[in-house]
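Reading through the C-alpha cells given below for one structure.
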Amino acid sequence: MLLYISRSQVPERIKAMNSSIKLLLILRDPVIRAISDYTQLHSNPLANRSSRSFEQLVVKPDGTVNTNYRPVAVSTYHNHVYRWLDVFPRDQLFVVNGDRLITNPVSELNRIETFLGLEHRISAENFYFNRTKGFYCLRYGPVDKCLKETKGRKHPEIQPAVVAKLREHFGQHNQKLYDVLGQDFGWPEK
C-alpha cells in the first residue's frame, strides 16, 4: 500500500484492516516536493488558490519559513513518519527514494520487488525517457504509457535565497528523518 503520509488516523485504520500489510513510502527532496506541490495546487483551475507567489506563501513577513503552509508541513516528513512507526514495525515500511525513482526507476523498483518478495520482472526494457516531461515513462510491449499532463510540468523559478532558506529549515528535520529511518537521502542542506 502506498502511504498518504500526512493524513491523520490513517495508520490506525490501515492496521485495523490488515496488521501485516507491507507499506511503501516514497520521499523526495522536501524543497523540490514543496515547490512541486505549489505548482500542482496552482495549476488546478478549480482550486481556491492564492495569487501570491511561492516565495510569498513560504516565507512569512518576519523572514521565517511558514511551517503552516501545506507544502512545507507535508514535506516535514519525520512528523508524519513517527505516527506511522508508532503503529507499524519498521520492517513493514519500505522507504523509496523518490528522487532515484525519477532518475533510475529500474533500481528503485527492483528494491521494491525485493521488499515485497516478488520475482524481479522489471527491467530497463519497461521504460523509455520522455524528453518532453523530463522523466521515464512505462513501456509495456508495444504500448507506451506516461503520467497525465498534470505530471512533469515545469516548476516556477524560485529565488535562490528562498531555496537556501528552505534547505536550512529542512536540514534539521531531514536529519531527524534520517535518524528514525536509518537511511540518509543526502538531500542538499544549502
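All heavy atoms count here, side chains included; hydrogens, waters and symmetry mates do not.
- Counting heavy-atom neighbours within 6.0 Å of Glu168 CD, excluding the residue itself, gives a total of 12 or less.
- Atom CD1 of Ile35 sits about 9.5 Å away from atom CD of Glu157, to the nearest 0.5 Å.
- Looking only at side-chain heavy atoms (C-beta outward), Tyr82 and Lys176 come within less than 4.5 Å of each other.
- Within the model, atoms CG of Asn174 and OG of Ser75 stand 9.5 Å from one another, a figure rounded to the nearest 0.5 Å.
- How far OG of Ser123 is from CG of Leu109: 11.0 Å, rounded to the nearest 0.5 Å.
- The existence of a salt bridge linking Arg33 and Asp29 is excluded, since no basic side-chain nitrogen approaches an acidic carboxylate oxygen closer than 4.0 Å.
- Looking at Asn130, its side chain never comes within 3.5 Å of a backbone N or O of Tyr136 through a donor-acceptor pair.
- Considering only heavy atoms from C-beta on, Asp144 stays 4.5 Å or farther from Leu138 through its side chain.
- Distance check, rounded to the nearest 0.5 Å: CZ of Arg111 to CG of Leu101 gives 10.5 Å.
- With sequence neighbours excluded, the residues that form a ring-ring contact (aromatic ring centres under 6.0 Å, His included) with Phe185 are Trp187.
- With salt bridges taken as basic N to acidic carboxylate O contacts below 4.0 Å, none links Glu189 and Arg167.
- Residues His169 and Thr67 have side chains that never bring a donor and an acceptor to within less than 3.5 angstrom of each other.
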